Amino acid sequence: MPAAESPLAGRPPEEHAAWRALLARRLHDRATRDAIPRRGSSGPAVLSLSQQRLWWFERAHAGRAVYNRPTVLRLAGALDVEALERSLAEVVRRHEVLRTTYPERGGVPVQEVGPAAPLRLAVVDLRSLPPAARSERARGMAAEEGSRPFDLVLGPVFRAVLVALGAD
């Protein structure tokens, strides 16, 4: 099937430039119109549509982890636990959403971004268990942790647990 010919094929270069300028204006206008406004530097802000959905789910299913996104990673090799802890703390510092809580003000949910605080990585050492029991206990812990709800009002809305299964 032959490629479609450009509607500007055979037109003078001035028309090409005019169409490019019009397209650039339209793209800029759309990006400006659809942009999420920057949050002010202080005070609560309105919730985005995704945050409203999160807040509603939490209210409708209080005490249940219906909106959790648990992730399990298996690391092999020497691990510098302090470096991992510092790395996670830096991720939380850089991403306000991981420090945001959702209290109500006047009956309306708002988002409040807390300060970056030191992150303490919970470490559970299962190395004293027999190898088969380690894996089974780790799977059980992952399921438990993934089903534990977050407190959207008090936070934090991010947590991490390191489970040691072996020396490496």
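None of the values given here were measured: they were computed from a predicted structure. Values below: all heavy atoms of this structure, side chains included; hydrogens, waters and symmetry mates excluded. Nothing fancy with the numbering, it's 1 onward along the sequence.
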Q: Under a 3.5 Å distance rule, please check whether Asp125 uses its side chain to pair with a backbone N or O of Arg127 as donor and acceptor.
A: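 Checking the backbone N and O of Arg127 against the side chain of Asp125, a donor-acceptor pair under 3.5 Å is found.
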Q: Please confirm whether the backbone N or O of Arg148 pairs with a side-chain atom of Asn68, one donor and one acceptor, at under 3.5 Å?
A: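 Flag set: sc Asn68 to bb Arg148 pair under 3.5 Å.
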Q: Below 4.5 Å, heavy atoms only, C-beta onward: do His95 and Leu98 meet side chain to side chain?
A: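 In short, these two side chains touch, coming nearer than 4.5 Å.
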Q: Is Gln111 reaching over with its side chain to a backbone N or O of Ala45, donor-acceptor style, under 3.5 angstrom?
A: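 No, Gln111 side chain to Ala45 backbone: no donor-acceptor pair under 3.5 Å.
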Q: More than 12 heavy atoms of other residues, nucleotides or ligands under 6.0 Å from CZ of Arg94: yes or no?
A: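 Open.
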Q: Please test Gln52 against Leu49 for side chain to side chain contact (heavy atoms under 4.5 Å, CB included), starting from the C-alpha separation and ending with a verdict.
A: CA-CA 5 Å; Gln52 289 174 22; Leu49 291 176; 3.9 Å; yes
Q: Under a 4.5 Å cut-off applied to non-hydrogen side-chain atoms, are Arg20 and Arg25 in contact?
A: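 The answer is no, as the side chains (C-beta and beyond) never meet within the 4.5 Å cut-off.
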Q: Report yes or no: do Leu129 and Val163 belong to one cluster of Ile/Leu/Val/Met/Phe/Trp/Tyr joined by side chain heavy-atom distances under 4.5 Å?
A: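 In one cluster with Leu129: Val163, yes.
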Q: What are the two closest non-hydrogen atoms of Ala65 and Gly146, and how far apart are they?
A: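 So the two residues come closest at CB-O, 3.7 Å.
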Q: Distance from Leu126 atom CG to Arg134 atom CZ, nearest 0.5 Å?
A: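 If we round to the nearest 0.5 Å, Leu126:CG and Arg134:CZ are 8.5 Å apart.
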Q: Would you call Glu104 and Arg59 a salt bridge, using N to O less than 4.0 angstrom?
A: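 So Glu104 pairs with Arg59 through a salt bridge.
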Q: Do the side chain of Arg64 and the main chain of Pro149 share a donor and acceptor less than 3.5 angstrom apart?
A: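 No: the side chain of Arg64 does not pair with the backbone of Pro149.
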Q: Could you check if a side-chain atom of Leu165 sits within less than 4.5 angstrom of a side-chain atom of Arg74, using non-hydrogen atoms only?
A: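 The answer is yes, as the side chains (C-beta and beyond) meet within the 4.5 Å cut-off.
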Q: Do Glu85 and Leu119 come close enough that some side-chain heavy atom pair is under 4.5 Å?
A: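 A side-chain contact exists here, since the closest heavy-atom pair is under 4.5 Å.
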Q: Does Val81 have any side-chain contact (heavy atoms from CB on, under 4.5 Å) partners at least two apart in sequence or in another chain, and if so, which?
A: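 Testing Val81 for side-chain contact (heavy atoms from CB on, under 4.5 Å), a comparison that skips the adjacent residues, returns Leu79, Leu121, Val123, Leu162.
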Q: Please assess Glu58 against Arg53 for the test side chain to side chain contact (heavy atoms under 4.5 Å, CB included), listing each intermediate value before the final yes or no.
A: CA-CA 9 Å; Glu58 196 274 335; Arg53 187 172 51 248; over 6 Å; no
Q: Are Phe57 and Leu47 connected into the same hydrophobic cluster when the rule is that any two of I, L, V, M, F, W, Y join if their side-chain heavy atoms are below 4.5 Å apart?
A: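 As far as the 4.5 Å side-chain criterion goes, Phe57 and Leu47 are connected within one cluster.
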Q: Can you get from Leu54 to Val108 by hopping between Ile, Leu, Val, Met, Phe, Trp and Tyr side chains that sit under 4.5 Å apart?
A: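 Per the 4.5 Å side-chain linkage, Leu54 and Val108 are not co-clustered.
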Q: With a 4.5 Å cut-off on side-chain heavy-atom distances among I, L, V, M, F, W and Y, is there a chain of contacts connecting Leu84 to Val161?
A: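 In one cluster with Leu84: Val161, no.
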Q: Any carboxylate oxygen within less than 4.0 angstrom of a Lys/Arg side-chain nitrogen, looking at Arg86 and Glu90?
A: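 The answer is no: the pair does not qualify as a salt bridge.
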Q: Atom CZ of Arg139 and atom CD of Glu144: how far apart are they, to the nearest 0.5 Å?
A: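 If we round to the nearest 0.5 Å, Arg139:CZ and Glu144:CD are 13.5 Å apart.
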Q: Whether the side chain of Gln51 engages the backbone of Ser48 through a donor-acceptor N/O pair (distance < 3.5 Å, no angle test) should be reported.
A: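 Side chain of Gln51 to backbone of Ser48: a pair is present.
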Q: So, the side chain of Arg99 versus the backbone of Arg93: is there a donor-acceptor pair under 3.5 Å, distance only?
A: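 Indeed, once roles are kept as given, a pair shorter than 3.5 Å links the two residues.
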Q: Side chains of Met141 and Val124, heavy atoms from C-beta outward: is any pair under 4.5 Å?
A: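 With C-beta onward as the side chain, the pair touches.
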Q: How about Leu152 and Val157: do any of their side-chain heavy atoms sit closer than 4.5 Å?
A: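 Leu152 reaches Val157 side chain to side chain.
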Q: I'd like to check Phe158 versus Leu88 (side-chain heavy atoms, cut-off strictly below 4.5 Å). Are they in contact?
A: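 Yes, side chains in contact.
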Q: Does the side chain of Val110 come within less than 4.5 Å of Tyr102's, by heavy atoms?
A: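 A side-chain contact is absent here, since even the closest heavy-atom pair is not under 4.5 Å.
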Q: Does NZ or CZ of Arg159 come closer than 6.0 Å to the centre of the six-membered ring of Phe150, within 45° of the ring's axis?
A: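 Ring-cation test returns yes.
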